[in-house]
Amino acid sequence: MEISKQYDPKQAEQHHYERWEQQGCFAPEINRDDNAPAFSIVIPPPNVTGSLHMGHALQHTMMDVITRYKRMCGYRTMWLPGMDHAGISTQLMVSRELKKENLTRHDLGRERFIERVWKWKKESGGQITKQMRREGASVDWSREKFTMDEDLSRAVREVFVRLYDEGMIYRGNRIVNWCPNDQTVLSDLEVEKTPQAGKLYYLRYPAKNGEGGVTVATTRPETMLGDTAVAVNPNDERYQSLIGKTLSLPLTGREIPIVADGFVDAEFGTGAVKVTPAHDPNDYDMGVRHNLEQIVVIDQYAKMTEAAGAEFAGLDRYKARAKVVEKFEESGLLERVVDYEFSISKCERCKTVIEPLISMQWFLRMDELRDEALKLLASQKLPQFVPEVPYEKVYSSWLENLRDWTISRQLWWGHQIPAWYTPEGEVIVARTEAEARAQAGTDELTQDPDVLDTWFSSQLWPFSAMGWPEQTKDLDTFYPTSVLMTGRDIIFLWVSRMVMMGLKLMKREPFADVFITGTILDAHGQRMSKTKMNGIDPLEVFDKYGVDATRLKLASVGSTDIRWSDKQVESYRNFANKIWNASRFALMNSEGATIDSQSLVASPELALHDRWILSRLHRTAGEVRAALSGYQFHEAVQTLYHFFWDDFCDWYIELTKAAVTAEDASAQRTAARTRLLSVLEQALRLLHPFMPYITEELWQQLPGAGKHLLHPAYQQAEPTIMLTAYPEAESALIDEGAEWEMQAIIDLISRVRNIRSEMQIKPGESIPVLIGAPDEKLRAVYSANSNQITRLLRASDVSISDQLHAPQASARAVLVGGGEVAVPLAGLIDFEVERQRLNKEKEKLASEASKLEAQIANPQFAERAPAEKVDEVRARIADIGQRLTQLDQTIANLQ
RNA sequence: AGGCGCGUAGCUCAGUUGGCAGAGCGCUGCCUCGACACGGCAGAGGUCUGGGGUUCAAGUCCCCACGCGCCUACCA
């Protein structure tokens, strides 16, 4: 069998996914164990307009690692994929296409426009589903959903009606965030605040009777045309006498009162605030409190209205600002202008400055929902955030300050609000138009043209995607889901809302755990974004380094922010190659051998390295399982990397090589080969959730890999590593003795190698190795493994005795456990170099000893530290002391 | 303005109940030794940002300072 020297990821990535998918490996139905526990994840549905970016790749990798792991543990596993219709994005995307044909959506009309969006979706939407296949994501495509699917839309209407009937959804004319560019209202979460260098204008409003007046400070002078009051703090002594008096509003001649309101900060500006109820959220509230008129002077296109006066009507808001300032200056009422930095609200999507407007919209009351979510957190600690700090608090403090949610949008693409109006203006909310007609007793209904905020449907995802409001089997089995994995940017937009809706409609939390992934930044620590053009395309990384290497890198990111670096992926690419070549070695020497679980049973007759690797295998399985159960991805990756590379490749393969590559066939050789294959097979299983392609590619080639290795729950399936059992960690098989003995061998070999290197002994040159070990047990360990020692050290001879008998001209080293090793170097040794080498060693030990002695010299340490700590320190001092004495002697004996 | 997080080797980052400071990359030397040069072996490199405190013991817990980042907010 020819196996190439280098791993070619592309080849491994070609066929396996398709086969897995076709054979139904991703669907929970593959599991035939009726008593299997369930594990489920719903994917955060990516936008139908989106294509894969690093954030997706990151989240998908972690979800897939956990899903594959759980599946191998025998869980009935479902990872549900799907997409979000992404109202604004999608509408804009299709509108841009229309523009190329010199059309607007209004030219088509609503119905044809929506048809056009569906057509776009069918032809070019959902790029991401293809890309996810490349990632190796083991999602159950047979359950794929789209938030605009008919059944999910039905769920949306059902929820709307129920909440409306309970009075939680209402329609109201209130001040909202309006985007003059997108021509729709936005929720608070879709508005971003950015710092802005601007000016603060001090405007003088004269008193009605011409005597005195008040100066107000504002960043938006144009809104003064809609002022209906000036407010001061009730406790502000400067203005006591003016409260209740009337001012004459310049440019309009209108008369406006001076009111007292606690909102006003006496310290800021002049302590007097102009009040524009129709164009500022705070002023709106004050207006309500003082029963002030709302004069709309800016329209939905951010142009001044007739109410702003003939001179201003039709002007853009910024032109109007300049003109207002000019007029104030002309009339001497502009007191001063100062530079001022403040934050400005912009549309998250198009970056247009938001205009607060009073508008008729639909709202969802959040108070009760919020209280239930907070109660769940307080009483049951659900959901459990990982990491808990800081996200639990981020979540709860946001909930505590939650305001009602504006759920209507002036768009065409989305779930149209199931509300109809009679010619008399009566509102009918119903699941269908037929139901509405029946209720209204008339057919002359017009449906509300608005659609719902995209997040309104996303918040139902964990149960609507499983068939709610039908009582489906999937809901029974998989709700609540096990864990939600997502980025921190949608904790408010999505996570919290799912919790509230889950509680409201399912009477249960939608997920037990919420794992928040870190963020991948560019090399300079900047967030990756389309506008900055600093994003890194995961597909390019896949092409360059392979999917498995990229996944390993992504998995190791865990929950911290990290700067992207190709170097790290490269090192995991090298790791993949290492796995490839270790397997190649096993396969090249596999004649007569086959995977055999019996070879994984430890027994005292086995060679040290065999007992040792089995112990390491179980320890590793235990550590990886523990790490994954706490979502410690980084820890899991490090453990696997270290086990495979250091333990398995550097030591185990080297130690078993002699037996495995023996010229002549023998029972011993077969046993060694069998064990090597079997340990390798276990290692591949351990790695599979992280590196699905290479592990499958290799596993399929292992002699003896077949159905019988599958987890009992998957017995009827075709052979694949993804359905084998994840290695168990049996603590009984962790062999402390073997690990300690192996440590002694590793120590010995490392020290002699150090001598070889420092004394510049040619790698090809054989050397005699003399070991003196007073400890009988250690002596036994050395002699039992003398063949291995000989081989790894290229020794001409290894002699072991209780006392070291070495020629004067030898390089020496002190061993753990009190032994000593020497390499005779007649004629080769440079005593000066040797002395320096030994002194360096001595200094290291001495500094460690002095630290420990200082510790033990402190009487309080012995008094207060736990006894085992004290003993431990004493033992270490004794050990170091012994080695130091020996070193001294060795140095003294030089020459 | 408040809240939160971070600062560990040249670089990117681990370090979960306080108990011997770690990895990868980079760097130095040696090596075509029959799995792998995307490799092997041996090394160098740290006042854990600074200053106080708690403790027998602090990278880890507390306080202060400096630097960097993130989030929330109704100062016109």
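Within every chain, numbering begins at 1; the chains are lettered A, B, ... in the order of the sequence lines, protein sequences first and strands thereafter. Every heavy atom of this structure was used, including side-chain atoms; hydrogens, water molecules and symmetry mates were not.
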Does [X] reach a base, just sugar-phosphate, or nothing at all? Heavy atoms under 4.0 Å.
X        : result
A:Arg794 : sugar-phosphate
A:Arg403 : sugar-phosphate
A:Gln855 : base
A:Val216 : nothing
A:Arg563 : sugar-phosphate
A:Pro859 : nothing

Which nucleotide, in any strand shown, forms a Watson-Crick or G-U wobble pair with [N], with both distances under 3.5 Å?
N     : answer
B:A23 : B:U12
B:G18 : none
B:G2  : B:C71

Whole Å only: how far is the [atom1] atom of [X] from the [atom2] atom of [N]?
X        : N     : atom1 : atom2 : result
A:Phe575 : B:G24 : CZ    : C1'   : 12 Å
A:Lys762 : B:G40 : NZ    : P     : 23 Å
A:Arg756 : B:G43 : CZ    : P     : 14 Å
A:Lys193 : B:C70 : NZ    : P     : 17 Å
A:Leu676 : B:A35 : CG    : P     : 12 Å
A:Arg289 : B:C74 : CZ    : P     : 14 Å
A:Lys553 : B:A23 : NZ    : P     : 17 Å

Sub-3.5 Å donor-acceptor pair from the side chain of A:Asn581 to the main-chain atoms of A:Lys5, do we have one?
yes

Counting only non-hydrogen atoms, which of residues 272-284 of chain A are less than 4.0 Å from RNA chain B?
A:Val273, A:Asn282

Of the candidate nucleotides B:C38, B:C25, B:A35, which contains the atom at the shortest distance from the side chain of A:Arg573?
B:C38

Out of B:A23, B:A42, B:A35, minimum distance to the side chain of A:Lys657 belongs to B:A35

In whole Å, what separates the C1' atom of B:C30 from that of B:A44?
15 Å

Taking all atoms of both residues into account, what is the closest heavy-atom pair of A:Ile749 and A:Leu793, and its distance?
O-CD2, 3.6 Å

Quick check, are the ring centers of A:Tyr652 and A:Phe643 under 6.0 angstrom apart?
no

Reckon A:Lys5 has a side-chain N or O less than 4.0 Å from the OP1 or OP2 of B:C36?
yes

